[in-house]
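Okay, structure first, notes after.
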Amino acid sequence: MADEADETGEEVARLAETDRTRLRRKRDRGTFDRAVATAILDEALVCHVGFIADHGPVVLPMTYGRVDDELYLHGAAANDMLRQLVRAPACVTVTLLDGLVFARSAFKHSMNYRSVVLFGQLRRVVDADEMQAASKAFLDHLAPGRSADARRPSDEELRATTILALPIREGSAKVRTGGPLDTAEDLDLPIWAGHVPFGLATGAAITDPSSMRRDVPTYLTNPGNRA
Ligand SMILES: Cc1cc2nc3c(=O)[nH]c(=O)nc-3n(C[C@H](O)[C@H](O)[C@H](O)COP(=O)(O)OP(=O)(O)OC[C@H]3O[C@@H](n4cnc5c(N)ncnc54)[C@H](O)[C@@H]3O)c2cc1C
């Protein structure tokens with residue numbers, strides 16, 4: 001296997017290529033390059049967590065944070081999903097939509113994207129320092145620098161929170177770029193073909209009426225695209 005976990009515990013440059021992560025369709029769009037995968041994880045804001053719950057398969061959207069090669073999820077200690085998640089392996093997927101692709105043929109319409117699929121067993125975080133580090137990662141994932149401003153979670157707040165960690169180890173990334181890929185016989189059809197880029201845009205920050213601090217932090221003052 002190309003990507004055995006490093007014995008020194010250091011991050012390895014590639015995600016693990018296993019029977020379930022090996023891309024079969026459109027293999028040329030796939031990569032096990034950890035840097036590509038982590039860049040996607042850091043840019044996206046929402047993941048989808050798939051697992052087998054007591055009543056059957058479930059896929060739920062969640063936010064997340066990353067510290068080195070660990071992906072952290074969190075929720076209320078009373079959250080049933082988080083309790084079920086540590087019982088069996090899960091799959092976490094992250095998607096960035098980069099564009100819509102309009103081909104001449106209906107069949108060849110597509111999307112440009114960057115996505116990551118991770119497999120593994122989630123672990124409940126109990127160490128107080130690791131919980132604080134994960135909490136910092138959740139905030140800095142929303143806006144780098146936010147954790148330095150926000151009040152840290154109290155012990156009581158941490159007790160009311162379940163934090164789970166997934167190793168960023170067994171997974172894959174897949175990337176589609178560019179325009180439509182019509183077949184040669186369709187190229188002369190008088191139908192518009194091309195692609196429409198997509199991006200996540202933010203608006204200007206709106207200060208809460210009761211906020212004691214009125215000036216918007218610099219990490220929130222650029223209302224343009226996040227990317
Ligand atoms: C925004 C978006 C829209 C899509 N729409 C469609 C659609 O409508 N129809 C469709 O058939 N496919 C769509 N795809 C592609 C889809 O995610 C699969 O890659 C594709 O269906 C091939 O599935 P498979 O099971 O044959 O892949 P296989 O290549 O057999 O999958 C094997 C392994 O490859 C890896 N892998 C597969 N897909 C991805 C991925 N997207 N990202 C990272 N790793 C991956 C996983 O580890 C998976 O277990 C879309 C992808 C994105 C991101």
Side-chain angles (χ1 to χ4, degrees), residues 1-6 11-53 56-66 68-73 85 87-123 141 164-183 186 191 193-202 225-227:
M1 211 162 58
D3 310 295
E4 302 277 348
D6 183 44
E11 281 187 25
V12 286
R14 285 167 61 80
L15 298 172
E17 185 174 346
T18 63
D19 280 348
R20 61 181 175 179
T21 64
R22 190 168 300 112
L23 283 99
R24 294 168 187 87
R25 274 180 38 76
K26 306 277 185 191
R27 289 187 67 147
D28 54 310
R29 293 180 185 166
T31 177
F32 296 94
D33 185 330
R34 176 181 291 275
V36 172
T38 53
I40 296 169
L41 294 174
D42 290 350
E43 186 177 330
L45 291 170
V46 175
C47 68
H48 287 86
V49 183
F51 62 103
I52 306 294
V58 184
V59 178
L60 292 174
M62 297 185 78
T63 184
Y64 60 94
R66 181 181 76 86
D68 300 328
D69 57 354
E70 301 272 0
L71 189 95
Y72 290 99
L73 307 175
L85 262 173
R87 290 193 207 134
C91 177
V92 175
T93 300
V94 167
T95 308
L96 287 166
L97 180 61
D98 290 332
L100 301 182
V101 181
F102 295 87
R104 293 154 187 86
S105 72
F107 185 72
K108 292 287 187 179
H109 281 66
S110 190
M111 291 181 178
N112 284 332
Y113 59 79
R114 286 164 289 155
S115 56
V116 171
V117 175
L118 296 173
F119 297 98
Q121 177 62 60
L122 286 133
R123 150 182 79 84
H141 189 205
L164 304 179
L166 176 71
I168 303 171
R169 188 178 303 142
E170 186 184 2
S172 53
K174 195 169 176 182
V175 177
R176 189 202 189 280
T177 58
L181 298 171
D182 276 304
T183 52
D186 285 339
I191 299 165
H195 61 110
V196 179
F198 259 57
L200 186 62
T202 56
N225 291 341
R226 283 178 56 88

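Ligands are counted one by one from 1 in listed order, and the atoms in each one are counted from 1 as well. In what follows, every heavy atom counts, from backbone to side chain, and hydrogens, waters and symmetry copies are set aside. Along the sequence shown, residues are numbered consecutively beginning with 1.
Considering only heavy atoms from C-beta on, Arg34 comes within 4.5 Å of Asp69 through its side chain. Using a 4.5 Å cut-off on side-chain heavy atoms (C-beta onward), Ile40 and Val94 make contact. Side-chain contact check for Asp98 versus Thr177: every heavy-atom pair is 4.5 Å or farther apart. Side chains of Pro180 and Lys108 form no contact here, defined as non-hydrogen atoms less than 4.5 Å apart. A heavy-atom distance below 4.5 Å is not found between the side chains of Arg66 and Tyr72. Using a 4.5 Å heavy-atom cutoff, the side chains of Met62 and Val46 are not in contact. In this structure, the side chains of Leu96 and Tyr113 stay at 4.5 Å or more apart for every pair of heavy atoms.
For atom 26 (O) of ligand 1, the protein comes within 4.0 Å by at least one heavy atom. For atom 10 (C) of ligand 1, the nearest protein heavy atom lies 4.0 Å or farther away. There is a protein heavy atom less than 4.0 angstrom from atom 47 (O) of ligand 1. Contact annotation for atom 7 (C) of ligand 1: protein absent (non-hydrogen atoms, distance under 4.0 Å). For atom 17 (O) of ligand 1, no protein non-hydrogen atom is found at a distance below 4.0 Å. Protein heavy atoms are absent from the 4.0 Å sphere centred on atom 4 (C) of ligand 1. Inside a 4.0 Å radius of atom 14 (N) of ligand 1 there is not any protein heavy atom. In this structure, atom 42 (N) of ligand 1 is in close contact with the protein, since a protein heavy atom lies within 4.0 Å of it.
At under 3.5 Å, a nitrogen or oxygen of Ser172, whether backbone or side chain, sits near a nitrogen or oxygen of ligand 1. For ligand 1, one of its N or O atoms has an N or O atom of Arg25 under 3.5 Å away.
Listed by atom number, the atoms of ligand 1 under 4.0 Å from Arg20 heavy atoms are 33 (C), 46 (C), 47 (O), 48 (C), 49 (O). Of all the atoms in ligand 1, the ones that sit under 4.0 Å from a non-hydrogen atom of Thr95 are 1 (C), 53 (C). Ligand 1 places these atoms under 4.0 Å from at least one heavy atom of Phe119: 47 (O), 49 (O). Within ligand 1, the atoms closer than 4.0 Å to a non-hydrogen atom of Thr21 are 33 (C), 34 (O), 35 (C), 47 (O), numbered from 1 in the order shown. Distances below 4.0 Å separate heavy atoms of Ser115 from the following atoms of ligand 1: 40 (C), 41 (N), 42 (N), 43 (C), 53 (C).
Contact annotation: for Arg22 versus ligand 1, heavy atoms closer than 4.0 Å belong to the backbone alone. Heavy atoms of Leu23 found under 4.0 angstrom from ligand 1 belong to the backbone as well as the side chain.
If you check which protein heavy atom lies closest to atom 29 (O) of ligand 1, you get Arg24 N, 2.6 Å. Atom 39 (C) of ligand 1 has its closest protein heavy atom at Lys174 CD, 3.7 Å. Counting protein heavy atoms only, atom 50 (C) of ligand 1 is closest to Tyr113 CE2, 4.2 Å.
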Ring pair (Phe, Tyr, Trp, His ring centres under 6.0 Å) between His109 and Phe102, worked out: CA-CA 5 Å; His109 281 66; Phe102 295 87; 5.8 Å; yes

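Of the inter-residue distances, the one linking Leu122 atom CG with Glu70 atom CD reads 10.0 Å to the nearest 0.5 angstrom. Between the CG atom of Leu15 and the CD1 atom of Ile168 there is a distance of 8.0 Å, given to the nearest 0.5 Å.
Residue Glu170 forms a salt bridge (charged side-chain N to carboxylate O under 4.0 Å, His left out) with just one option from Arg14, Arg22, Arg20, and that option is Arg20.
When all heavy atoms of Val92 and Cys47 are compared, the closest pair comes out as CG1-CB, 3.7 Å.
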